[in-house]
**Student:** 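Okay, handing you the structure first.
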Amino acid sequence: MSASLLPSLDGRFGDGDTAVRVAGESVSWAQLARRAAAVAQHLAGMSAVAIRATPTLDTVVGVVAALMAGVPAVPMPADAGPMEREHMLRDSGATATIGDTQWPEVALPKISVEGETDWSGPQPAGDSTALIMYTSGTTGLPKGVVLSRRAIAADLDGLAEAWQWTPDDTLVHGLPLFHVHGLVLGVLGALRVGSRLIHTGKPTPQAYAEADGSMYFGVPTVWSRICAEPSLATSLRGARLVVSGSAPLPVAVFDDMTRLIGQSPIERYGMTETLITVSTRADGERRPGWVGVPIVGVESRLVDETGAVLDRDGSTIGELQIRGATMFDEYLNRPEATASSFDGDWFRTGDAAVIDAGGFHRIVGRQSVDIIKTGGFKVGAGEVEAALLTHHAVSEAAVIGVSDPDLGQRIVAFVVCDGVDGAVLIEHVAALLSVHKRPREVRIVDVLPRNAMGKVQKTLLT
Ligand code: MCA
Ligand code: AMP
């Protein structure tokens with residue numbers, strides 16, 4: 001294992017018996033390292049390994065094994081449908097799978113998670129690929145975001161500094177292990193800092209209330225569900241930090257958290273491509289609706305449509321651009337997409353933001369209506385539309401995000417179809433893609449509003 005990436009697994013922090021607990025199964029760091037080594041010895045030399053990222057200890061072992069072997073890990077949604085799976089496996093070039101992969105169409109060898117050894121291989125270079133994480137765009141299939149070990153280390157160190165995250169902490173969360181939030185921050189973060197980790201399996205209010213942690217991570221939907229059960233929310237009063245991210249935290253939820261948990265949440269902002277770049281600090285101001293300041297090693301700026309840099313006056317809105325040590329390397333197999341997402345070394349986030357004179361950031365919204373954030377998951381409208389159009393009864397489809405009190409946005413599909421009802425179409429999408437990409441609502445219409453060029457005018461969909 002790289003001495004530099006996950007020092008807890010090199011014995012740097014001793015060996016707590018229950019250093020890592022996932023859905024009730026616990027291991028010490030030494031056991032985790034030995035279990036991962038048993039898998040890593042079969043991975044060495046592979047070009048990439050796909051991991052079905054269920055919320056289990058086996059997933060953590062699989063990811064650590066890939067890091068140990070220096071093989072890029074491709075965490076796949078546990079419920080990825082065949083359309084997504086096929087794309088991710090082919091695009092990533094994975095040559096084996098780990099986890100409970102009962103994927104009928106996949107012929108790749110399965111590496112089982114079993115046994116313990118002391119195997120160790122050569123130390124992977126800092127600029128080598130640690131993870132390929134798939135993220136949805138405005139159109140087309142999800143893009144593979146290539147993340148180096150160096151970027152991950154820089155991000156986790158920057159966050160540890162901002163949050164005063166130490167080996168004395170116990171981190172609690174139940175977020176999915178196939179995205180940056182749950183996996184990079186929520187697992188690799190604990191293993192890098194040397195804090196204990198309790199992954200609750202699912203991010204339910206009950207599980208968070210029972211976990212007795214010092215730091216809790218959640219997306220806004222998780223926090224609003226916790227606040228809806230005040231007797232459970234007050235159980236978090238002993239925590240040192242409660243952290244929200246992945247989507248805008250409504251001010252009402254911020255206020256409820258402050259009242260019920262007895263402290264205001266830390267809000268932090270990031271993207272799969274840039275990792276987490278902006279955060280309020282443990283020792284700094286926590287302002288509802290604002291996400292804080294760049295972490296160490298990161299710079300930000302606002303630009304207008306012409307590329308001119310805008311003032312930091314707390315009210316001028318521009319596109320947020322980011323550069324620094326936490327940046328991804330490229331979109332896999334997509335050089336044009338990579339090139340067009342940068343302005344020099346500045347990454348164009350596609351988020352509209354303001355920055356005040358003190359450097360505090362507020363995210364105002366996305367620049368594209370075709371990116372939907374639902375329950376903290378990013379979903380591209382185009383991907384859902386393409387899935388709908390594979391149904392023989394559907395002739396046209398347009399998908400938007402509609403404001404939702406629980407999910408932030410819910411996916412709503414407007415469909416021109418013949419002889420099929422909405423429930424069938426929802427199931428159709430849930431079966432082809434990850435379940436969280438399914439529309440929550442289908443509105444059947446006679447025609448879609450289009451402009452003179454024939455383009456659907458999504459702002460007219462209601
Ligand atoms: C429902 N279910 C179905 C169907 N409908 N199964 C099959 N077919 C269907 N049609 C099942 C689901 O599988 C699930 O089962 C259960 O019903 C509930 O599903 P659902 O209603 O979709 O879930 P939810 O309760 O609405 O989920 C809310 C959530 C979830 C738990 C908050 O949205 C979530 O985990 N969000 C986290 C997203 C996240 O980590 N984002 C980070 C991206 P079962 O319960 O058995 O599974 S990284 C990022 O954004 C950046 C870097 C950042 O800043 O962090
Ligand atoms: P993802 O591609 O899943 O990594 O999602 C990244 C996107 O999530 C960003 O571009 C933002 O639109 C959104 N996001 C992440 N954190 C926050 C936050 N704290 N407030 C508002 N939006 C956020």
Side-chain angles (χ1 to χ4, degrees), residues 53-55 75 77-81 133-138 142-143 145 147 155 159 173-186 189 200-205 207-208 217-226 243-250 254 265-280 289-292 319-320 322 326 328 341 347-353 361-368 371-380 401 404 406-411 423-440:
T54 51
D79 62 351
M133 304 204 86
Y134 280 84
T135 191
S136 297
T138 48
K143 299 192 282 279
V145 175
L147 292 163
D155 198 52
L159 292 173
H173 73 93
L175 296 167
L177 298 181
F178 49 85
H179 280 309
V180 163
H181 196 164
L183 183 63
V184 176
L185 274 62
T200 58
K202 289 182 184 172
T204 61
Y208 275 41
F217 290 171
V219 297
T221 302
V222 167
W223 290 119
S224 88
R225 290 182 184 182
I226 289 173
V243 184
S244 179
S246 303
L249 184 70
F254 181 106
I266 290 281
E267 286 189 68
R268 94 298 176 288
Y269 159 86
M271 294 184 75
T272 305
E273 291 89 334
T274 63
L275 301 177
I276 307 309
T277 48
V278 177
S279 181
T280 47
W290 294 71
V291 295
E319 183 189 29
L320 182 62
I322 296 284
T326 66
F328 73 129
S341 66
F347 178 74
R348 307 174 205 265
T349 65
D351 287 308
H361 292 54
R362 182 162 76 84
I363 307 301
V364 178
R366 289 287 312 174
Q367 290 182 315
S368 169
I371 297 285
I372 301 166
K373 265 271 160 166
T374 180
F377 288 116
K378 182 170 171 179
V379 180
D404 183 274
D406 178 44
L407 297 169
Q409 289 185 301
R410 70 176 182 282
I411 300 174
V424 170
L425 296 178
I426 291 171
E427 284 309 313
H428 181 72
V429 177
L432 282 176
L433 304 175
S434 304
V435 168
H436 66 259
K437 294 184 176 174
R438 74 192 186 281
R440 302 285 170 138

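None of the values given here were measured: they were computed from a predicted structure. In each ligand, atom 1 is the first atom listed, and ligand 1 is the first ligand listed.
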**Student:** Which residue holds the protein heavy atom closest to atom 30 (C) of ligand 1, what is that atom called, and what is the gap in Å?
**Tutor:** Phe377 CE1, 3.6 Å
**Student:** For ligand 1, which atoms, with element, lie under 4.0 Å from some heavy atom of His181?
**Tutor:**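 Near His181, the atoms of ligand 1 are 42 (C), 48 (S), 55 (O).
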**Student:** Within the structure, does Arg438 bring an N/O atom to less than 3.5 angstrom of an N/O atom in ligand 1?
**Tutor:**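 Yes, since at least one N or O of Arg438 sits under 3.5 Å from an N or O of ligand 1.
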**Student:** I'd like to check which ligand 1 atoms, numbered from 1 as shown, lie under 4.0 Å from a non-hydrogen atom of Pro203.
**Tutor:**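 Reading through ligand 1 atom by atom, the close ones are 31 (C).
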**Student:** Just jot down the ligand 1 atoms closer than 4.0 angstrom to any heavy atom of Val180, in number order.
**Tutor:** 48 (S), 52 (C)
**Student:** Taking only heavy atoms of Lys373, which atoms of ligand 1 are found under 4.0 Å from at least one of them?
**Tutor:**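 Listed by number with element: 49 (C), 50 (O).
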**Student:** Around atom 40 (O) of ligand 1, find the nearest protein heavy atom and jot down its residue, atom name and distance.
**Tutor:** Pro176 CD, 3.4 Å
**Student:** Do Ala430 and ligand 1 have an N or O pair less than 3.5 Å apart?
**Tutor:**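 There is no such contact.
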**Student:** Is Ile276 in polar range of ligand 1, meaning some N or O pair under 3.5 Å apart?
**Tutor:** no
**Student:** Going by heavy atoms, is His436 under 4.0 Å from ligand 1?
**Tutor:** no
**Student:** Touching ligand 1 at all, Leu407? Heavy atoms, strictly under 4.0 Å?
**Tutor:** yes
**Student:** How far is atom 13 (O) of ligand 1 from its nearest protein heavy atom, and which residue and atom is that?
**Tutor:** Val435 CG1, 3.8 Å
**Student:** Could you identify the single nearest non-hydrogen protein atom to atom 46 (O) of ligand 1 and state the distance to 0.1 Å?
**Tutor:**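 Looking at atom 46 (O) of ligand 1, the protein heavy atom closest to it is Lys202 NZ, 3.1 Å.
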**Student:** Parallel, tilted or perpendicular, judged at 30° and 60°: which one describes the rings of Phe217 and His181?
**Tutor:**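 Ring orientation of Phe217 relative to His181: tilted.
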**Student:** For atom 41 (N) of ligand 1, which protein heavy atom lies nearest, and how many Å away is it?
**Tutor:** Gly376 O, 2.9 Å
**Student:** Ligand 2: which residues have a non-hydrogen atom closer than 4.0 Å?
**Tutor:** Thr135, Ser246, Ala247, Pro248, Arg268, Tyr269, Gly270, Met271, Thr272, Val291, Asp351, Ile363, Arg366, Lys373, Lys378
**Student:** With a 4.0 Å cut-off on heavy atoms, is Lys378 touching ligand 1?
**Tutor:** no
**Student:** Would you say atom 44 (P) of ligand 1 makes contact with the protein, given that contact here means a non-hydrogen protein atom less than 4.0 Å away?
**Tutor:**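 So far as the 4.0 Å threshold goes, atom 44 (P) of ligand 1 is in reach of a protein heavy atom.
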**Student:** Using a 4.0 Å cut-off to any heavy atom of His179, which atoms of ligand 1 qualify?
**Tutor:** 42 (C), 43 (C), 48 (S)
**Student:** Please indicate, with yes or no, if any protein heavy atom is found under 4.0 Å from atom 36 (N) of ligand 1?
**Tutor:**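 At least one protein heavy atom is under 4.0 Å away.
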**Student:** With atoms numbered from 1 as shown, which atoms in ligand 1 lie under 4.0 angstrom from a non-hydrogen atom of Arg225?
**Tutor:**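 What qualifies from ligand 1 is 24 (P), 25 (O), 26 (O), 28 (C).
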**Student:** Suppose we measure from atom 54 (O) of ligand 1 to each protein heavy atom; which comes out shortest, and what is that distance?
**Tutor:** Arg268 NH1, 2.9 Å
**Student:** Specify the protein heavy atom at minimum distance from atom 42 (C) of ligand 1: its residue, its atom name, and the distance to 0.1 Å.
**Tutor:**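 Nearest protein contact, heavy atoms only, for atom 42 (C) of ligand 1 is Ser246 OG, 3.4 Å.
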**Student:** Are any non-hydrogen protein atoms located under 4.0 Å from atom 7 (C) of ligand 1?
**Tutor:**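 Protein heavy atom within 4.0 Å of atom 7 (C) of ligand 1: present.
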**Student:** Taking 4.0 angstrom as the limit and counting only heavy atoms of Thr272, give me the atoms of ligand 1 inside it, by number and element.
**Tutor:**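 So the answer, numbered in order with elements, is 52 (C).
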**Student:** Are Met271 and Phe328 close enough that some pair of their side-chain heavy atoms sits under 4.5 Å apart?
**Tutor:**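 No. Closest side-chain heavy atoms not under 4.5 Å.
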**Student:** Where is the nearest protein heavy atom to atom 23 (O) of ligand 1: which residue, which atom, and how far?
**Tutor:** Arg440 NH2, 4.3 Å
**Student:** List ligand 1 atoms under 4.0 Å from Gly270, heavy atoms only on the residue side.
**Tutor:** 54 (O)
**Student:** List the residues meeting ring-ring contact (aromatic ring centres under 6.0 Å, His included) with Tyr269, not counting sequence neighbours, and say none if there are none.
**Tutor:** none
**Student:** For atom 16 (C) of ligand 1, decide whether some protein heavy-atom distance is shorter than 4.0 Å.
**Tutor:** no
